[in-house]
Amino acid sequence: MAAADIARTVVGIIGNIISGFLFLSPVPTFMEIWRKGSVEQFSPAPYLATLVNCMVWTLYGLPMVHPHSLLVVTINGSGCVIEIIYVTLFLIYSNRSKRLKVFLWLLVELIFITALTLVTLTLVHSLKKRSAIVGTTCILFNIMMYASPLAVMKLVIKTKSVEYMPFFISLASFGNGVAWTTYALIRFDPFITIPNGLGTLFAVAQLILYATYYKSTKRQIAARKANVEVDLSQVVAGSDGQGSKPNY
C-alpha cells in the first residue's frame with residue numbers, strides 16, 4: 001500500500017471518529033427535550049438535513065457507485081441510524097403542527113433516496129457516471145447539512161442568545177469539515193472536497209457567533225432565573241398573608 005493510501009486511510013479513520021462525535025453531539029440536547037417533554041424552539045432542520053445527507057453519502061460510497069470508499073459507507077451508514085433516532089424523538093415530542101411537518105419532510109427524503117438509488121443503479125451503467133450523478137447530489141445535500149443551522153444562526157443574531165445553538169455541534173462540524181477535506185485532498189475527490197471545505201467555513205461562522213453572544217446568553221439566562229425567583233417569593237408571601245394556621 002502506497003504512503004498516500006495509508007495516510008488517506010488514517011485520516012479517514014480520524015474523520016469517522018470526529019463524524020461520530022458530530023452525530024452524537026446533540027445527545028445532551030435530546031436529553032433536555034426528553035426531560036422537558038417538549039422540543040421547545042429547537043429546530044428539526046439540522047437533523048433532517050443530516051439524515052438525507054448521510055443516506056446520499058452511503059449510496060455514493062457503495063462499491064457499485066464509487067469503489068474504495070468503505071470509510072465513507074461506515075460512518076454515513078451509522079449516521080443514518082443515529083439521525084433516524086433524533087427525528088423520531090422530534091416526532092414524539094413536537095406539537096401536532098410541527099410533527100406533521102417533520103413527518104412530511106421525512107417521507108419526502110425517503111422517496112427521494114429510493115428514486116435516486118433505483119435510477120442510478122438501473123439506468124446508469126458506468127461507474128464514472130454513477131459517481132458524478134450521486135457525487136453532485138452529495139455536494140448539494142452536504143452543503144444543506146452544514147447550512148441548515150443558518151435558521152438557528154438567524155435566531156441567535158435576533159435574540160443575541162446561543163441557547164438554541166448547541167456549542168458542541170458547531171465544534172464537531174468544524175473538526176469534521178477539516179478532517180474530510182484533508183481526506184479528499186490526499187487522493188483528490190472533488191465531490192468530497194467542495195462540500196466539506198464550505199462546511200468548514202459554515203462551522204467557523206457558527207463558532208464566531210457563539211463567541212460573540214456567549215456572555216449575553218449567560219446574562220439572559222441569569223435574568224430569567226432571577227425573575228422566576230422573584231415571582232416565587234411573591235407567591236409565597238401572598239400565600240403566607242392569606243393562609244390559615246394549621247389545626248393540631
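All values reported here derive from a predicted model rather than from experimental measurement.
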| Val27 and Tyr86, any side-chain heavy atoms less than 4.5 Å apart | yes

| query | Just how far is it from atom OH of Tyr60 to atom OG1 of Thr137, taken to the nearest 0.5 Å? | reply | 11.0 Å

| field | Heavy-atom closest contact (Thr159 atom, Gln220 atom, distance) | value | O-NE2, 2.9 Å

| Is it true that Tyr93 and Phe42 have ring centroids separated by less than 6.0 Å? | no

| field | Axial cation check for Phe90 ring with Arg99, 6.0 Å and 45° limits | value | no

| said: Minimum heavy-atom separation for His68 and Arg8, please, with both atom names. | reply: O-NH1, 3.9 Å

| field | Check: Thr74 side chain, Leu71 main-chain N or O, donor-acceptor pair, under 3.5 Å | value | yes

| Can you tell which of Leu107, Thr114, Ile113 makes a side chain to side chain contact (heavy atoms under 4.5 Å, CB included) with Ile111? | Leu107

| request: Would you kindly confirm whether Leu127 and Val119 end up in one hydrophobic cluster when ILVMFWY residues are joined by side chain heavy atoms under 4.5 Å apart? | output: no

| query | Which heavy atom of Ser173 sits nearest a heavy atom of Leu22, and at what distance? | reply | OG-CD1, 3.3 Å

| Would you say His66 and Val72 make side-chain contact, with heavy atoms under 4.5 Å? | no

| task | Please examine the side chains of Val87 and Trp105, heavy atoms only from C-beta on, and report whether any two atoms are closer than 4.5 Å. | result | no

| field | Leu121 and Val65, any side-chain heavy atoms less than 4.5 Å apart | value | yes

| message | Any heavy-atom pair between the side chains of Val134 and Cys138 that's under 4.5 Å? | response | yes

| Distance in Å, Cys54 SG paired with Ile82 CD1, rounded so as to fall on 0.5 Å steps | 8.5 Å

| query | Which pair of heavy atoms, one from Ala172 and one from Ser25, lies closest together, and at what distance? | reply | CB-OG, 4.5 Å

| said: Using every non-hydrogen atom in the two residues, find where Arg130 and Met64 come nearest and quote the distance to one decimal. | reply: NH1-O, 2.8 Å

| Any donor and acceptor pair, going by atom type alone, linking the side chain of Thr217 with main-chain N or O of Val162 inside 3.5 Å? | yes

| task | Working to the nearest 0.5 Å, report the span between CG of Asn176 and CG of Asn16. | result | 9.5 Å

| task | Specify whether Phe112 and Phe141 have parallel, tilted or perpendicular ring planes, treating 30° as the upper limit for parallel and 60° as the lower limit for perpendicular. | result | tilted

| field | Beyond-backbone contact of Val56 with Asn76, side-chain heavy atoms, under 4.5 angstrom | value | no

| query | Which pair of heavy atoms, one from Thr181 and one from Gly197, lies closest together, and at what distance? | reply | OG1-N, 3.3 Å

| message | Just so I know, are the side chains of Val52 and Glu83 near enough to count as touching, which here means a heavy-atom distance under 4.5 Å? | response | no

| said: Do Phe103 and Val108 have side chains that approach each other closer than 4.5 Å (heavy atoms only, starting at C-beta)? | reply: no

| field | Spacing of CD1 belonging to Ile186 relative to CD1 belonging to Ile192, to within rounding of 0.5 Å | value | 11.0 Å

